[in-house]
Structures are given as structure tokens and as C-alpha cells.
Amino acid sequence: GGAQTHCRDQQGRTALAVAATRGDAEVTSQLLRKNANVGLPDECGRTALMCAVDSGHIGVAALLLQHEVRSLWFKRGRHVHFAVTVNTEDVVGFTPLMSAASQGRADIIKLLLAHSADVDAQITCCCNDAKKQECLCRLGTTALALATEAQRGEAAAVLLLLFELQ
């Protein structure tokens, strides 16, 4: 018994992605215990981690990242089909770190960096923003550039400090 963990809604989101978007830590935990596939993307390439970060839910993002660490520990040496990767890109190359930076979420940036988020990742293609009906060609844009553009001082400061330490 029990509900299937990989069913999708109209946008192609799994139950896990919907729970992450809503910030529902209890449902997220239940789905993870039932081995929900945390790496299944929606039609835009967004995973549950991206949904949690986009919605500003640091607790759920932390749960998903902790699940990845446990999964990798128990699956050592084998291909881990359902692992979240902190550097997964959506269809335009946008990463969870970029999302957190553009929103000015220094707390989420620190969490992602603690899980080896790639600060040098760049947006990899142009896209059409369906809401604005305009081309957003942002090739090569990084998380730091997004934080700076959006005038997110604390987020930019966290990323700049990391660059200075490298």
C-alpha cells in the first residue's frame, strides 16, 4: 500500500517537489522515508531542492541535502539514482545557489555552500520568460552577479567572502 511517491501534477512536479515548494517538512520527511526520487525534475528541469530554495524554505532544503548525504553513504561505490545534487541545473542552467543569491537568501547560500555548491556555475542558455514575454539572455551569469544585480548586499557579501578565501 501507500501512495506512489513519483506521481506528477500538471507542471510535471512530483509529490516531493510540491511538498518542498510548500515548505512542508513533515510530508517531505515522509516521502524521503518512502524513497521518493529527489532528483526527478519537472518539465522545466527543477528538482525538489530547487523548489525548496525558490520558495525560501531552508528547513526543507536542509532535509533534502541531508538525505543526499545519507543516500551517498549507504550507496557507496554504486550509482545513486535518486541523489540530489546541489549543483543541478534547470533547463536554462539556473542552479539552487543562483536562486538563493537572486533572492538575497544568505542563510540558504551558506547551507548550499556547506554542501559544495559551485560558485562558478554560469547560466548556460537563453530562455523566454513566459510571464514577461521577453527574451532573458543571461549567458555566463553567476550567483554573485545575480546577487549584485538584485542589490542583495548580504548575499553578495557571503559570496565575495568565499572568493576572497579561495
Side-chain angles (χ1 to χ4, degrees), residues 11-14 16-25 27-29 32 37-72 80 82-166:
Q11 290 87 35
R13 296 179 305 172
T14 62
L16 186 61
V18 172
T21 299
R22 294 180 179 164
D24 193 329
V27 171
T28 298
S29 292
L32 291 174
N37 186 333
V38 295
L40 280 179
D42 64 15
E43 60 192 29
C44 295
R46 296 172 65 242
T47 63
L49 177 61
M50 291 174 163
C51 292
V53 171
D54 289 348
S55 301
H57 299 301
I58 190 170
V60 171
L63 277 174
L64 293 164
L65 290 165
Q66 288 167 5
H67 181 76
E68 176 187 28
V69 170
R70 282 195 307 273
S71 298
L72 292 173
V80 182
F82 54 88
V84 162
T85 60
V86 73
N87 295 311
T88 297
E89 300 175 356
D90 66 11
V91 294
V92 296
F94 213 72
T95 65
L97 184 63
M98 291 174 188
S99 177
S102 65
Q103 296 176 49
R105 292 297 307 261
D107 56 342
I108 296 178
I109 289 170
K110 290 173 187 174
L111 172 69
L112 295 170
L113 291 174
H115 287 270
S116 303
D118 182 4
V119 295
D120 296 319
Q122 300 177 2
I123 294 176
T124 55
C125 72
C126 293
C127 68
N128 286 322
D129 184 335
K131 293 177 186 166
K132 295 181 182 173
Q133 296 297 317
E134 62 185 54
C135 181
L136 298 176
C137 192
R138 308 292 306 273
L139 286 174
T141 303
T142 63
L144 178 57
L146 290 167
T148 304
E149 262 177 36
Q151 298 180 348
R152 306 294 190 178
E154 185 181 359
V158 169
L159 292 164
L160 278 171
L161 179 62
L162 182 69
F163 281 115
E164 289 174 9
L165 294 175
Q166 290 181 344

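What you see is a predicted model, and the numbers here were worked out from it, not measured in a lab.
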Which heavy-atom pair separates Phe94 from Ser102 by the least distance, and what is that distance?
-> CZ-OG, 4.2 Å
Just how far is it from atom CG of Leu111 to atom CD of Gln66, taken to the nearest 0.5 Å?
-> 8.5 Å
Using the side chain to side chain contact (heavy atoms under 4.5 Å, CB included) rule, take Leu49 and Val38 through it: C-alpha gap first, then chi angles, then the decisive distance, then the call.
-> CA-CA 8 Å; Leu49 177 61; Val38 295; over 6 Å; no
Taking the side chain as C-beta and beyond, is there a heavy-atom pair between Asp118 and Thr95 under 4.5 Å?
-> no
Would you sort out whether Leu16 and Thr47 count as a side chain to side chain contact (heavy atoms under 4.5 Å, CB included), showing the intermediate values?
-> CA-CA 9 Å; Leu16 186 61; Thr47 63; over 6 Å; no
Might you point out which heavy atoms bring Ala100 and Ile108 nearest each other, and give the distance in Å?
-> CB-CG2, 3.8 Å
For the atom pair CZ (Arg22) and NE2 (His57), what is the distance rounded to the nearest 0.5 Å?
-> 10.5 Å
Do Thr14 and Asn37 come within less than 4.5 Å of each other through their side chains, counting heavy atoms only?
-> no
With side chain to side chain contact (heavy atoms under 4.5 Å, CB included) as the test, would you mind laying out the steps for Leu146 and Thr141 before giving the verdict?
-> CA-CA 7 Å; Leu146 290 167; Thr141 303; 3.7 Å; yes
Closest heavy-atom pair, Val53 versus Ala61, reported as atoms and distance to 0.1 Å, is CG2-CB, 4.3 Å
Could you tell me whether a side-chain N or O of Arg105 sits under 3.5 Å from a main-chain N or O of Gly56, the two making a donor and an acceptor?
-> yes
Looking only at atom types and distance, does a side-chain atom of Gln103 sit under 3.5 Å from a main-chain N or O of Asp54, one as donor and one as acceptor?
-> yes
Please lay out, stage by stage, how Val158 and Leu113 fare under the test side chain to side chain contact (heavy atoms under 4.5 Å, CB included).
-> CA-CA 10 Å; Val158 169; Leu113 291 174; 4.1 Å; yes
How long is the gap from CG on Leu97 to NE2 on His115, to the nearest 0.5 Å?
-> 13.0 Å
Backbone N/O of Ser116 and side chain of Asn87: donor-acceptor pair under 3.5 Å | yes
To the nearest 0.5 angstrom, please state how far the CG atom of Asp42 sits from the CG atom of Asp90.
-> 8.5 Å
Taking all atoms of both residues into account, what is the closest heavy-atom pair of Ala48 and Ala20, and its distance?
-> O-CB, 3.3 Å
Between the side chain of Ser55 and the main-chain N/O of Ala52, is any donor-acceptor distance below 3.5 Å?
-> no
Exercise: identify the closest heavy-atom pair between Thr28 and Ala19 = OG1-CB, 3.6 Å
Non-hydrogen atoms of Thr148 and Ala156 that approach each other most closely = OG1-CB, 4.1 Å
Rounded distance [0.5 Å steps], CG in Leu159 versus CD1 in Ile109 = 4.5 Å
Starting at CG of Asp120, measure out to CG of Leu144 and round the result to the nearest 0.5 Å.
-> 10.0 Å
Val60 versus Asp24: any side-chain heavy-atom pair under 4.5 Å?
-> no
Partner of Met50 under side chain to side chain contact (heavy atoms under 4.5 Å, CB included), picked from Cys44, Pro96, Pro41, is Pro96
